[in-house]
Amino acid sequence: MGKKVAVVLAGCGVYDGSEIHESSAVLVHLSREGAQAEVYAPDVDQMHVVDHIKGQPTQEKRNVLVESARIARGNIKDLAKLDVKELDALIIPGGFGVAKNLSTWATQGKNCIVSKEVEDILKAFHAAKKPIGLCCISPVLAAKIFPGCELTVGHDTECEKWPYAKTAETMKELGCKHVNKHVTEIHVDVKNKLVTTSAFMCNAPIHEIYDGVGKMVKEVVRLA
């Protein structure tokens, strides 16, 4: 039997949910590794809905689970039903939904609150010594919950290629060790079984992001 890996989504769309290309890459690479993806999302309202053409919030209301079901082709479960004992690993793709719907990082930075449901699940996988894969902005969840852990969100010096590099600095303020890595590379925190890669934190060609996510997935499955 292939490894069973929980993939936790945060909606559908980079600005208010899960980043669709990262989520798809995770599912494709899990399939390639012979692993079985079990997709989950919390049954909660999104912080807000963003018009992805204008980049502006709208008056619309949407549900994180319902929106995430778009990516999962309807094959998705309520996060409340996740049972760590039945799973071998956890992966959380990025997208602003992580910072808006799974936590309050978007509005509060290092003083954010991680949703209790998400925090409990991360701690349960960690306590069971099961690997956790995080990409793009989702490593901030580990930064908040596991002080002293090692992570990468790419680079810590802001430039055209790394427009979100201040995130790395904020993570360091939480007591993490940030390790600079290129978009096609991963960092493995062996002690905490955390595997991270920068994905769209880098202004890079999409195939490089896809390749970096692939390395993250491969290592998570290997550690499971």
What closest approach, in Å, do [X] and [Y] show between heavy atoms, and which atom pair accounts for it?
X	Y	result
H155	A168	O-CB, 3.9 Å
N192	H126	OD1-NE2, 2.8 Å
M201	P163	O-CD, 3.7 Å
G55	V50	C-CG1, 3.8 Å
I209	A204	CD1-O, 3.6 Å
G154	H178	O-CE1, 3.3 Å

Q: Show your working on salt bridge (charged side-chain N to carboxylate O under 4.0 Å, His left out) between K172 and D156 and close with a plain yes or no.
A: CA-CA 10 Å; K172 288 183 203 172; D156 57 6; 2.7 Å; yes
So [Y] and [X], do their side chains get closer than 4.5 Å, heavy atoms only?
X	Y	answer
V8	L90	yes
L9	V7	yes
T152	I186	no
I91	L30	yes
V44	N63	no
V118	L141	yes
L194	V188	no
Y40	L87	yes

Check for me, please, whether [X] and [Y] land in the same ILVMFWY cluster - side-chain distances under 4.5 Å, paths through other members count.
X	Y	value
I132	V195	no
V14	M47	no
I121	I145	yes
L223	M216	yes
I71	L102	no

If I take atom [atom1] from residue [X] and atom [atom2] from residue [Y], how far apart are they, to the nearest 0.5 angstrom?
X	Y	atom1	atom2	result
I113	E119	CD1	CD	10.0 Å
D189	C149	CG	SG	6.0 Å
D88	E38	CG	CD	10.0 Å
K110	C176	NZ	SG	12.0 Å
F96	Q46	CZ	CD	14.0 Å
T170	K144	OG1	NZ	11.5 Å

Side-chain donor or acceptor of [X] paired with backbone N/O of [Y] under 3.5 Å:
X	Y	value
S68	V64	yes
H29	V213	no
S103	V98	yes
S18	I20	no
E19	G94	no
K193	K129	yes
Q108	W105	no

Q: Just do the side-chain contact (heavy atoms from CB on, under 4.5 Å) check on Y164 and V153 with the steps written out, would you?
A: CA-CA 9 Å; Y164 308 108; V153 287; over 6 Å; no
Q: In plain terms, say whether R222 and E219 are close enough for a salt bridge, that is, a side-chain N and a carboxylate O under 4.0 Å apart.
A: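 Salt bridge present between R222 and E219.
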**Q.** Electrostatic pair K4:E86 at N-O distance under 4.0 angstrom
**A.** no
Q: Given side-chain contact (heavy atoms from CB on, under 4.5 Å), test V49 with K61 step by step and report yes or no.
A: CA-CA 6 Å; V49 176; K61 298 265 185 248; 5.7 Å; no
Q | Neighbour count >12 (heavy atoms, 6.0 Å) for atom CG, N75 | A |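 Atom CG in N75 is not packed in, count stays at 12 or less.
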Q. Got a sec: does the NZ of K218 have more than 12 other heavy atoms crowding it under 6.0 Å?
A. no
Q | Worked check of side-chain contact (heavy atoms from CB on, under 4.5 Å) between D120 and K116 | A | CA-CA 6 Å; D120 287 350; K116 185 173 187 313; 2.6 Å; yes
**Q.** H21 ring center near Y210 ring center (under 6.0 Å)
**A.** no
(Q) I'd like to know whether Q36 forms a side-chain contact (heavy atoms from CB on, under 4.5 Å) with K3, so could you lay out the CA-CA distance, the side-chain angles of the two residues, the decisive distance to 0.1 Å, and finally the verdict. (A) CA-CA 6 Å; Q36 182 183 333; K3 299 286 167 56; over 6 Å; no
(Q) Please tell me whether H48 and D16 have a donor and an acceptor in their side chains that are separated by less than 3.5 angstrom. (A)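 No donor-acceptor contact under 3.5 Å links the two side chains.
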